[in-house]
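Below is one structure, written out as structure tokens, with a few remarks after it.
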Amino acid sequence: VGGAVSISSGSGNQGGDLDMQAGSGIQGPGGAVFIRSGDGSADSTAGAVSIESGSGATGGALSISAGLATGADTGASVSITGGASTNGAAGDLLLSSGTSSRENSGAISMDTASSTRTSGSINLASGDAAESASGSIAMTTGSSNSGASGDIVLAVGDIGSVSESAGSVSISSGAGV
């Protein structure tokens, strides 16, 4: 078994911070930070990477954000993908809110930022399939034992100009060959 490495800050009335960052570039790019688990052998599982905040009266927040572009370039992107596979099925991407034993479960909010020009789009699509059926998209609300079930709302935004047309809602089925 390979040796372990543990890096931790001190405990106290207030726990110490742990700050890990790469160096800044004076005349070139800043340094990168790589966090990677170890590979497994041909018949075993590779190591996992777990990033989580601590527990408390209020749980610690977890924030992942890309860097600010201070010049005219585009801001950096955030990319989260499931693992690829050479022979089996690729890994899933699971996005879920927190559970609570006494109160409401957490919400999931997915939106693009507002802009003085054109705001960003949201694209929701399943992948193409070459030899089998393509993936489905299911949009459902949960069932309720004692209250009302949730709604599904599809709405187009209003416009503030008489020279423009409001957006439309288009639903179409696939064409056959």
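Source: prediction; values computed, not measured. For this chain, numbers begin at 1 and follow the sequence in order.
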Problem - Pairs touching residues 152-167 that satisfy side chain to side chain donor-acceptor pair (under 3.5 Å), sequence neighbours left out - result: S161-S163
Practice task
Apply side chain to side chain contact (heavy atoms under 4.5 Å, CB included) to I7 and list each qualifying residue two or more places apart in sequence or on a separate chain.
Solution key: V5, L18
Residues 106-132 side chain polar contacts: donor-acceptor under 3.5 Å, at least two apart:
{"unit_1": "T112", "atom_1": "OG1", "unit_2": "G120", "atom_2": "O", "d": "2.8"}
{"unit_1": "S115", "atom_1": "OG", "unit_2": "R117", "atom_2": "N", "d": "3.0"}
{"unit_1": "S126", "atom_1": "OG", "unit_2": "G135", "atom_2": "O", "d": "2.6"}

Handout entry: Minimum-distance pair of heavy atoms, taken over all atoms of A66 and A76
Key = CB-O, 3.2 Å
Problem - Pairs flagged by side chain to side chain donor-acceptor pair (under 3.5 Å) wherever residues 33-43 is involved - sequence neighbours left out - result: R36-D39, S41-D43, S41-S44
Handout entry: Value rounded to 0.5 Å, distance of CG in L95 from CD1 in I80
Key = 8.0 Å
Problem - Contacts of type side chain to side chain contact (heavy atoms under 4.5 Å, CB included), residue I152, not counting sequence neighbours - result: M139, T141
Practice task
Could you name each residue pair satisfying side chain to side chain donor-acceptor pair (under 3.5 Å) that touches residues 82-93, not counting sequence neighbours?
Solution key: none
Handout entry: Listed once per pair and sorted, the side chain to side chain donor-acceptor pair (under 3.5 Å) pairs that draw on residues 59-83, sequence neighbours left out
Key = none
Exercise for the section: Tell me, please, which residues at least two apart from V33 pass side chain to side chain contact (heavy atoms under 4.5 Å, CB included). Expected result: A22, I35
Handout entry: Residue list, side chain to side chain contact (heavy atoms under 4.5 Å, CB included) with V153, at least two apart or on another chain
Key = D151, A155
Practice task
Quick one: closest heavy-atom pair of A61 and S53, and the distance?
Solution key: O-CB, 3.7 Å
